[in-house]
Protein chains: 2
Amino acid sequence: MPTRTGRPPRISRAEIVAAANKVIEEDGVAGLTMRRLAREVGSTAMALYHHVRDKEELLLLLLDDYAAGLARPELPSEPYERMVAAALAMREAVAGCPWAVDVLRADDLLSVGALWYPEQIVDAAIRAGLGEEDAVDAYRIIWHYTAGEIAARAAARGRRAEGGPTYRDRVFPELDAAEFPRLSGVGPRWEELTARDTYAKGVRALVRGLLPPESPPNKP
Amino acid sequence: MPTRTGRPPRISRAEIVAAANKVIEEDGVAGLTMRRLAREVGSTAMALYHHVRDKEELLLLLLDDYAAGLARPELPSEPYERMVAAALAMREAVAGCPWAVDVLRADDLLSVGALWYPEQIVDAAIRAGLGEEDAVDAYRIIWHYTAGEIAARAAARGRRAEGGPTYRDRVFPELDAAEFPRLSGVGPRWEELTARDTYAKGVRALVRGLLPPESPPNKP
DNA sequence: ACCTGAACACCGTTCAAGT
DNA sequence: ACCTGAACACCGTTCAAGT
């Protein structure tokens, strides 16, 4: 065991992560800058670079930290319901950290700690009778849907927080009824209809469409 | 008609939009800065502010410009196939401008010019027998799925362009087979499986799950 | 009316220097 | 080994001044 030498550290990765979470809670992810974080930690921006390689590593660290605290609820064993429940749990997990969707790249879901969700979804798909390939497809399709829904919700929330009229508000009233009969028909109800949470409905449709037609609500 | 006075303009909004498209084509949306755009236009960054209010307006202008050139393909009249075809067309449209997904906020799809897609999807849903409310839900669900898929594809492409190992590459090899039996089972095939384009598969599943069970492939 | 240069208030990150 | 200040190369945007 080599003797550690030199100055003892004044800040730790754990402290940095905790401070970063505080900043995000207060000002959102956009408010998380190295300088702001340093202020929170009581240090300088440059000191942070001694503990994390760059900002991207910091964000991955935050994701790991978040993923470690995720719930792993008991899932029903019936494949259809199992898949729906796993998707709902995944959505809830990601919704608790919506900026993750922007940071995440490719088909990745958070960090190792969060792989529990794809594992359960693929598992449910295989139990339902899908081959490995179809099961992975099913997971990815559900993930894309989930990511899209969360991004849209986060954006809608941001828009509302900013106040001001929606793009839609400006556009819908002057819709040409001849060109867009259906949308004009919906008209002012659009706002109300699009405010509803349709995630579960979509997941059920997806699962119904992806799994073989045996299992749905009625048990085999 | 009041007499216009003062200096004649040297740059127009149309020129700015054209130059911005060129910049995006060359350096991506991240490369589009006011200064870079000014250089392209042969002017200064500040001159741009005389023609567009701010960068956000510029991006909306770009979106309008893009939407104006979108195809409106002939769609099958059978509702199920109509919905699938409209979704595929919408996906193709947005894929041609993937940064739109990040810029777009809430449930909005591009600009007025792009409302053709939701119109067709809602139309197909209603023709299939859904009520207005369910038809709007169906559209939103398909949109969320589409947006998520495009964002994932864009991210994957970016990741690949950067070179370097995927997060997944680093994580999958050391997966605990006891904790994640299904994912470990997939193992090295993951890369290959996730590279496939599963959009159409997902849309078909979604439409199958969302529409009443009469219409599928077999005509009524 | 249209355009300019300088400036403001930010970014992430590097680097040489301090303890 | 750990931390610092100054600096680099950027951002979007404002503002007073020029033509």
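Below, read A as the first sequence line, B as the second, and so on, with proteins coming before strands; counting in each chain starts at 1. Predicted, not measured: the structure shown is a model, and the values here were computed from it.
Backbone-only contact: B:L32 has heavy atoms under 4.0 Å from sugar-phosphate atoms and none from a base. Residue A:R35 is classed as a base contact, given a heavy-atom separation below 4.0 Å to a base.
Remark: B:T33 is not in phosphate contact with D:dC10, judged by side-chain N or O atoms under 4.0 Å from OP1 or OP2. Side-chain N/O atoms of A:H51 include one lying less than 4.0 angstrom from OP1 or OP2 on D:dC3. Applying the 4.0 Å criterion to OP1 and OP2 of C:dC3, one finds that B:T44 has every side-chain N and O outside that range.
The pairing partner recorded for C:dC2 is D:dG18, the criterion being a Watson-Crick or G-U wobble arrangement whose two distances lie under 3.5 angstrom. For D:dT13, the paired base is C:dA7 (Watson-Crick or G-U wobble, both distances below 3.5 Å).
Counting heavy atoms from C-beta on, the side chains of B:R36 and B:E40 come closer than 4.5 Å. Contact check for B:N21 versus B:Y66: no side-chain heavy atoms found under the 4.5 Å cut-off.
The separation between B:K55 atom NZ and D:dT13 atom P is 8 Å, rounded to whole Å. Rounded to an integer number of Å, the gap from B:D27 CG to D:dC10 P is 12 Å. Per the geometry, CZ belonging to A:R36 stands 10 Å off P belonging to C:dC11, to the nearest Å. Rounded to an integer number of Å, the gap from NE2 of A:H50 to C1' of C:dA16 is 13 Å. With rounding to whole Å, B:E15 atom CD is found 14 Å from C:dC2 atom C1'.
The side chain of B:R10 has C:dT4 as its nearest neighbour among C:dT4, D:dC3, C:dA1. Of the candidate nucleotides D:dG5, C:dT4, D:dT13, D:dG5 has the atom lying nearest to any side-chain atom of A:M46.
Of the C1' atoms belonging to D:dA9 and C:dA9, the separation is 16 Å, rounded to the nearest Å.
Salt bridge A:E119/A:R72: absent, no basic N to carboxylate O contact under 4.0 Å.
Aromatic rings from A:Y145 and A:Y199 are positioned such that their centres are separated by under 6.0 Å.
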